[in-house]
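Report on one structure; see the data block that follows.
What you see below is based on every heavy atom in this structure, not just the backbone, and it leaves out hydrogens, waters and symmetry mates. Residues: numbered from 1 along the sequence shown. Given the structure is predicted, the values throughout are model-derived calculations rather than measurements.
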Amino acid sequence: MVGIISFSSSSCHLFPSSRQFSTPLHKPMAMATLSTDPVREWILTEGKATQITGISPVGGGCINLASRYNTDAGSFFVKTNRHIGPEMFEGEALGLNAMYETKSIRVPKPYKVGEFPTRGSFIIMEYIEFGSSRGDQSILGRKLAEMHKAAKSENGFGFHVNNTIGSTPQINTWTSDWIEFYSEHRLTFQLKLAQQQYGDSAIYEKGQRLVKNIAALFEGVTTEPCLLHGDLWSGNISSDKNGEPVILDPACYYGHNEAEFGMSWCAGFGGSFYNAYFEVMPKQPGFEKRRGLYLLYHYLNHYNLFGSGYRSSAMSIIEDYIRILNA
C-alpha cells in the first residue's frame, strides 16, 4: 500500500506521480519537546496518541513538506511550510471540510491548522491508505457529480476565504453572476498577472477581447454555484484500499460545475467518467463549446507559475474563441 499525498500544486507536468516514499522510522518522540512543536503537541493531546512511533516523509511536492506521523492511535498526515503563515492551510482545511460534509466522495478530514512558534504553519489531517490504482473512473464520475449536486451556495459564486491554485492567489469574492465571477476573478486576474510578470500585453489584450464576449457561450445555460474541488488533475486523484475514489489538495470554491473539468488535459478522464457524471448532473447545451474556456484558466495559471512553455496553449485557446465569437 502507499499513503496519501497532498502537496498544494496544480501542475501535471513538473511533478512526479503522487506516491509515498519511506525512510526508516525515527525513534519515538519525547514529550519534553511539546512546547516547541505544536504538531506533536496536538497529536499527543487532542489526537489522543500517547506515543509518536515514527515519522516518514511523503514525496511529490515542491511547496510544502509532507509527512506521515505514525502513533499508537493511528497515523496522521501533516503538511508544513516554514516560510508562510497559516492562511493557505486554512483555505485548504475549509475546502476539505466542505467536501467532507457532503458525504459523497472521500476526502481526508482536516483536524488542525496552526502556526509554529518561530515562523511557518502546518495542517494535520486524516491519513488515508491508498490502493494500488486510481480506481474505477465511473465511480469517480458519479461521486464527483454527487458532491456537485449536494453542495450549493446561497451566497452565489465564490468561497468563504480566498485560497490558492498551486501557489497563485485565487480570489473568491462572492458574486451573484457566474459570468462576472469567472471573467473577473479567474480569467482577468490571470491575464493581469501575466502582464505584470512578463510584460505580456498581447495575451492580456486578446484575453480581454474574449472576456468581454463570453456571455454568448452561456445562452440557454443554467449556472448554479456548486462546490468544486477546483484543481482536479491526476496527482490529486487516487483511491483508498477498498478502491473508493479519493480526491485531495483542493482549491475549493462554488462555481459552475463544468469548471471542474478545467484540468482535464492532465486528469485522464475517459468516457466512463463523463458518462457516469452526466447521469447524475445532466450535460447542458453547449458543453463542448465551453470546455476550452475552463481549460484556459489553468493554462494561464501554469504560464504564470512555470513560464512560457504554457503560453502558446493559452494563446491558442484565446485566439480560437476570438474567431468563433467574432470578438
Side-chain angles (χ1 to χ4, degrees), residues 6-12 15 18 61 63-64 79 87-102 104-108 110 123 125 140-141 143-153 155-175 178 181-187 189-190 193 223-238 245-269 273 277 281 290-291 293-302 304-305:
S6 179
F7 50 85
S8 292
S9 94
S10 67
S11 173
C12 62
F15 300 107
S18 53
I63 299 173
N64 305 302
K79 289 198 297 186
E87 292 81 8
M88 182 175 72
F89 291 143
E90 287 169 352
E92 179 177 356
L94 283 170
L96 286 169
N97 194 60
M99 293 191 297
Y100 185 88
E101 290 297 321
T102 67
S104 52
I105 194 165
R106 190 173 186 190
V107 298
I123 180 171
M125 65 184 81
L140 173 64
K143 291 281 190 180
L144 184 67
E146 288 172 357
M147 184 184 85
H148 289 169
K149 202 164 189 175
K152 307 292 185 183
S153 165
N155 298 317
F157 302 95
F159 200 55
H160 312 290
V161 297
N162 295 333
N163 49 26
T164 57
I165 180 78
S167 59
T168 307
Q170 186 167 256
I171 307 304
N172 294 319
T173 305
W174 293 112
T175 308
W178 169 247
F181 176 87
Y182 193 71
S183 296
E184 181 177 348
H185 299 312
R186 293 297 178 262
L187 296 182
F189 182 86
Q190 292 283 350
L193 196 58
T223 54
E224 292 184 320
C226 303
L227 178 63
L228 307 182
H229 174 282
D231 192 13
L232 204 60
W233 67 286
S234 59
N236 292 340
I237 302 168
S238 191
V246 179
I247 58 175
L248 49 144
D249 220 14
C252 283
Y253 65 100
Y254 289 89
H256 185 208
N257 67 300
E258 294 173 4
E260 192 77 283
F261 310 129
M263 285 288 286
S264 61
W265 47 281
C266 59
F269 298 142
F273 168 87
Y277 179 89
M281 291 284 288
R290 289 184 296 276
R291 292 188 74 164
L293 192 68
Y294 293 132
L295 300 179
L296 178 58
Y297 173 57
H298 294 278
Y299 275 122
L300 286 170
N301 186 48
H302 276 60
N304 285 315
L305 284 174

Next on the checklist: Quick one: does any side-chain atom of Asn304 pair with a main-chain N or O of Gln190 as donor and acceptor, under 3.5 Å?
Outcome noted: yes
Next on the checklist: Main chain of Ile247, side chain of Asn236: is a donor-acceptor contact present, judged purely on distance under 3.5 Å?
Outcome noted: no
Checklist outcome for this item: On a heavy-atom basis, the closest approach of Gly262 and Leu295 is O-CD2, 3.3 Å
Item to check | Reported CG-to-CZ distance for the pair Leu140 and Arg106, which is rounded to 0.5 angstrom | outcome: 14.5 Å
Next on the checklist: Taking the ring centre of each residue, are Tyr277 and Phe261 less than 6.0 Å apart?
Outcome noted: yes
Checklist entry - How about Asp249 and Lys79: do any of their side-chain heavy atoms sit closer than 4.5 Å? => result yes
Checklist entry - Can you tell if the side chain of Lys149 reaches within under 4.5 Å of the side chain of Cys226, non-hydrogen atoms only? => result no
Item to check | Between Gln170 and Tyr297: side-chain donor-acceptor atoms closer than 3.5 Å | outcome: yes
Item to check | Spatial distance of atom CG (Leu228) from atom CZ (Phe157) [nearest 0.5 Å] | outcome: 9.5 Å
Next on the checklist: Under a 3.5 Å distance rule, please check whether Thr175 uses its side chain to pair with a backbone N or O of Thr173 as donor and acceptor.
Outcome noted: yes
Checklist entry - To the nearest 0.5 Å, how far apart are CZ in Arg186 and CH2 in Trp178? => result 7.0 Å
Checklist entry - Does a side-chain heavy-atom distance below 4.5 Å link Asn301 with Leu193? => result no
Checklist entry - Are any non-hydrogen side-chain atoms of Leu296 and Leu187 less than 4.5 angstrom apart? => result yes
Checklist entry - Taking C-beta and beyond as the side chain, do Ile123 and Met125 meet within less than 4.5 Å on heavy atoms? => result yes
Checklist entry - With a 4.5 Å heavy-atom cut-off, do Glu224 and His148 have their side chains touching? => result no
Next on the checklist: Run the side-chain contact (heavy atoms from CB on, under 4.5 Å) test on Phe269 and Ile237 for me, step by step, so that the C-alpha distance in whole Å, both residues' side-chain angles and the decisive distance to 0.1 Å come before the verdict.
Outcome noted: CA-CA 11 Å; Phe269 298 142; Ile237 302 168; 3.8 Å; yes
Next on the checklist: For His298 together with Trp265, are the ring centres under 6.0 Å from each other?
Outcome noted: no
Checklist entry - In terms of side-chain heavy atoms, does His229 have a donor or acceptor partner in Glu260 at a distance below 3.5 Å? => result no
Item to check | Inter- and intrachain pairs under salt bridge (charged side-chain N to carboxylate O under 4.0 Å, His left out), touching residues 158-172, at least two apart | outcome: none
Item to check | salt bridge (charged side-chain N to carboxylate O under 4.0 Å, His left out) partners for Glu90, two or more places apart | outcome: none
Item to check | Distance flag, aromatic centroids of His185 and Phe181, threshold under 6.0 Å | outcome: yes
Checklist entry - Is there a donor-acceptor pair closer than 3.5 Å between any side-chain N or O of Asn172 and the backbone N or O of Val161? => result yes
Checklist outcome for this item: Heavy-atom closest pair (Ala93 atom, Pro110 atom, distance to 0.1 Å) is O-CG, 3.6 Å
Checklist outcome for this item: Looking only at heavy atoms, the pair that brings Tyr254 and Trp174 closest together is CD1-CH2, 3.8 Å
Checklist entry - What's the verdict on side-chain contact (heavy atoms from CB on, under 4.5 Å) for Met99 and Leu227, showing C-alpha distance, side-chain angles and the deciding distance? => result CA-CA 8 Å; Met99 293 191 297; Leu227 178 63; 3.8 Å; yes
Checklist entry - Do other residues, nucleotides or ligands put more than 12 heavy atoms under 6.0 Å from the CZ atom of Phe189? => result yes
Next on the checklist: Could you measure the distance from the SG atom of Cys252 to the CG atom of Leu96? Nearest 0.5 Å is fine.
Outcome noted: 7.0 Å
Checklist entry - Between atom CE of Met147 and atom CE of Met281, what is the distance when rounded to the nearest 0.5 Å? => result 10.0 Å
Checklist entry - To the nearest 0.5 Å, how far apart are CG in Leu305 and CD1 in Ile165? => result 8.5 Å
Next on the checklist: Does either side chain, that of Tyr253 or that of Asn163, offer a donor lying less than 3.5 Å from an acceptor on the other one?
Outcome noted: no
Item to check | Heavy-atom closest pair, residues Pro250 and Gly95 | outcome: CG-C, 4.4 Å
Next on the checklist: Quick one: does any side-chain atom of Thr164 pair with a main-chain N or O of Ser167 as donor and acceptor, under 3.5 Å?
Outcome noted: no
Item to check | Arg291 bridged to Glu258 by N-O distance under 4.0 Å | outcome: no
Checklist entry - Between Tyr294 and Tyr182, is the gap from one ring center to the other below 6.0 Å? => result yes
Checklist entry - Under the salt bridge (charged side-chain N to carboxylate O under 4.0 Å, His left out) test, which residues partner Glu184, sequence neighbours left out? => result none
